[in-house]
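All figures in this text were calculated on a predicted structure; none of them were measured in a lab. In this chain, numbering begins with 1 at the start of the sequence shown.
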Amino acid sequence: MNHQESKGFYKLSWLQRIGFGSGDLAQNLIFQTTCMYLLFFYTDIYGLDAVDVSVMFTVGNVANVIWDPIVGALIDKHNPRLGKYRAYLVYVGIPLTGFAILCFWNGFAPSLLYAYVTYIAMTLLYTFINVPYRALNSSLTRDTDEITILTSVRMFMANCGGLAVGSGLPLLIAYFTNEEAEGLPKDPGAWFTTMTIYGLVGLALLLFCFSQCKERVVMDAKESANVKVSDLWMEFFNNRPLRVIAFFFVTAFAMMSIGNAAGAYFINSNMRGSAEQLSIFMGLGSAPSFIFMPLVPMIKKMVGKKNMFYIFLGIAIVGMVFLYVVAKMDHPAMWMVYVAQFVKSTGVIVATGYMWALVPEVISYGEYRSGKRIAGIVNALTGIFFKAGMTLGSVVAPAILAYVAYNPESIEQTPLAQEGILWLVCVIPALLLLLAIFIISKYELTDDVIDKINREIEHRA
């Protein structure tokens with residue numbers, strides 16, 4: 001170990017980087033499934049009204065706004081025997097897997113109570129893994145180049161999860177369905193079997209992540225004892241860069257939540273597509289990751305952090321405009337839909353993937369200002385804001401479907417319903433991305449500034 005490493009600037013092996021990234025792959029097998037397909041499952045298979053689902057998603061996300069800071073303070077305050085942050089991958093992984101699978105069980109349909117219990121339990125347990133997992137990133141090293149690589153690996157693997165869900169899930173459901181179906185099959189048993197497979201694979205990946213992560217940049221036990229939930233709001237008001245990325249997270253996750261939830265409706269109703277075409281369309285939501293996420297460290301060095309955001313958010317907006325134009329044609333070719341989806345997804349993946357690399361920066365900035373490295377609390381705060389974005393998305397999508405009188409009993413929808421679905425896929429996400437460009441323009445921590453801050457913190461220590 002060289003002198004730089006001994007001062008917190010650790011380099012990781014590729015096995016450790018992949019091990020860390022496998023945690024996000026695991027979580028996305030659950031997270032992306034609920035984002036892309038749970039609304040569709042509840043309305044078209046389980047038999048719930050879209051407005052009831054909208055209310056339930058809102059209740060779940062409001063509960064999480066209260067829950068996130070409690071989880072953040074709890075993990076910063078305690079030091080479990082298996083590791084300050086990584087322990088929760090084991091402790092919470094098993095019940096999370098169970099409830100995620102139960103969300104896609106049709107046994108009590110259409111019981112709203114059963115849907116509430118399983119959905120709320122799943123989303124609260126997801127937070128109890130996601131907050132410590134995100135804090136784990138900043139506990140592995142202070143090195144900004146290493147964190148960029150870690151974030152690129154993590155987002156590459158997260159998008160492997162997105163691809164497995166977007167492309168794989170419709171194909172697996174079709175495989176386990178006994179009869180031919182137009183559009184995405186609605187066989188409850190096939191949905192349950194598919195989710196069981198995804199849940200168990202996710203659990204194995206969480207355990208692999210646990211085995212490869214070594215926490216080396218954490219608070220000592222004496223500092224941990226002083227952490228309070230109120231530190232969360234003090235940090236928010238005293239840390240301007242944190243406020244900038246918090247609002248960026250709101251817009252980014254609202255954009256993704258709305259667009260992802262509408263994908264199945266768009267292919268089923270607007271394009272009259274098959275399960276295979278939905279598989280390709282949703283898969284293209286993740287495919288650009290395999291080309292562009294490995295290039296992120298090089299692109300960032302060439303154009304700088306902020307310009308990279310501007311370029312890729314702009315590319316996403318161009319893709320959304322193109323998709324809208326193609327969908328309005330009389331007989332659009334599916335290859336044009338796929339091209340538009342690929343362009344849109346390229347911009348979304350790089351911009352929303354790299355935003356996670358900013359979180360360790362604002363943790364270090366807060367430590368520089370206050371002397372406390374409260375990674376759990378900062379990640380709880382970003383969690384609150386991404387849940388706020390998810391809440392916005394989970395309210396907007398079903399509300400617009402209800403407003404345009406979407407009919408789950410029919411593949412053939414009215415022109416108004418088709419236009420409403422198009423707004424969910426293209427127009428509203430594009431408007432949110434314009435807002436995101438304005439927000440990220442206010443971020444002030446360059447690589448030089450953050451490196452100087454990290455060296456100063458280590459010098460004090």
Side-chain angles (χ1 to χ4, degrees), residues 30-62 64-65 103-104 112 115-116 119-120 122-123 126 162 165-166 169-170 183-184 186 249-271 273 278 281-282 285 316 320 323-324 327 341 344-345 348 352 385-411 413-414 416-433 435-436:
I30 292 171
F31 178 71
Q32 294 287 3
T33 303
T34 56
C35 282
M36 292 182 192
Y37 297 111
L38 191 56
L39 174 61
F40 184 84
F41 175 83
Y42 279 147
T43 58
D44 287 41
I45 296 148
Y46 193 77
L48 294 179
D49 182 72
V51 175
D52 288 338
V53 179
S54 174
V55 172
M56 181 172 69
F57 284 171
T58 306
V59 170
N61 284 307
V62 169
N64 264 299
V65 169
C103 280
F104 286 87
L112 194 56
Y116 262 90
Y119 174 73
I120 301 294
M122 183 273 295
T123 190
Y126 179 81
V165 171
L169 193 132
L184 185 58
K186 298 183 180 181
F249 270 58
V250 173
T251 51
F253 273 92
M255 176 273 301
M256 288 190 284
S257 175
I258 292 165
N260 286 342
Y265 297 98
F266 173 69
I267 295 296
N268 256 27
S269 301
N270 293 48
M271 303 307 300
L278 176 62
F281 180 80
M282 294 301 232
M320 288 168 186
L323 186 59
Y324 184 86
Q341 172 75 340
K344 179 194 91 170
S345 303
V348 169
T352 59
F385 283 92
F386 97 61
K387 297 281 171 44
M390 296 290 294
T391 303
L392 191 59
S394 63
V395 171
V396 168
I400 285 184
L401 288 175
Y403 177 75
V404 299
Y406 168 79
N407 178 9
E409 302 300 319
S410 172
I411 291 287
Q413 299 294 328
T414 65
L416 177 64
Q418 290 189 338
E419 185 66 22
I421 291 166
L422 256 190
W423 270 69
L424 292 173
V425 173
C426 308
V427 180
I428 296 170
L431 293 173
L432 287 167
L433 287 183
L435 179 58

**Q** Say you draw a straight line from OG1 of Thr58 to CE of Met390; how long is it, rounded to the nearest 0.5 Å?
**A** 11.5 Å
**Q** I need the Leu184 CG to Leu169 CG distance, nearest 0.5 Å.
**A** 7.5 Å
**Q** Quick one: which of Leu278, Leu424, Leu422 gives a side-chain contact (heavy atoms from CB on, under 4.5 Å) with Phe266?
**A** Leu422
**Q** Compute the ring centroids of Phe385 and Phe253, then answer whether they are less than 6.0 Å apart.
**A** no
**Q** Is it true that a side-chain atom of Gln341 and a backbone atom of Leu323 form a donor plus acceptor pair closer than 3.5 Å?
**A** no
**Q** When rounded to the nearest 0.5 angstrom, what distance separates OG1 in Thr123 from CD1 in Ile30?
**A** 11.0 Å
**Q** Can you tell if the side chain of Glu419 reaches within under 4.5 Å of the side chain of Val404, non-hydrogen atoms only?
**A** no
**Q** Can you see which heavy atom on Met282 is nearest to which on Gly166, and at what distance?
**A** CB-O, 3.1 Å
**Q** Contact between Met255 and Val348 at the side-chain level, heavy atoms closer than 4.5 Å - yes or no?
**A** yes
**Q** When rounded to the nearest 0.5 angstrom, what distance separates CE in Met56 from CG in Leu48?
**A** 6.0 Å
**Q** Once you round to the nearest 0.5 Å, how far does CD1 of Ile421 lie from CD1 of Ile400?
**A** 10.5 Å
**Q** Pick out which of Phe281, Tyr406, Trp423 makes a ring-ring contact (aromatic ring centres under 6.0 Å, His included) with Tyr265.
**A** Tyr406
**Q** Please round to the nearest 0.5 Å and tell me the distance separating atom CG of Asn407 and atom OG1 of Thr414.
**A** 9.0 Å
**Q** Is a donor on one side and an acceptor on the other found under 3.5 Å between the side chain of Ser54 and the backbone of Ala50?
**A** no
**Q** Side chains of Ile428 and Leu432, heavy atoms from C-beta outward: is any pair under 4.5 Å?
**A** yes
**Q** Looking at Val396, Leu39, Thr43, which hits side-chain contact (heavy atoms from CB on, under 4.5 Å) with Leu401?
**A** Leu39
**Q** Of the options Tyr119, Phe41, Tyr37, Tyr46, which is the one that meets Phe104 in a ring-ring contact (aromatic ring centres under 6.0 Å, His included)?
**A** Phe41
**Q** Looking only at heavy atoms, which two atoms of Asn270 and Gln418 are closest? And how far apart?
**A** ND2-O, 2.9 Å
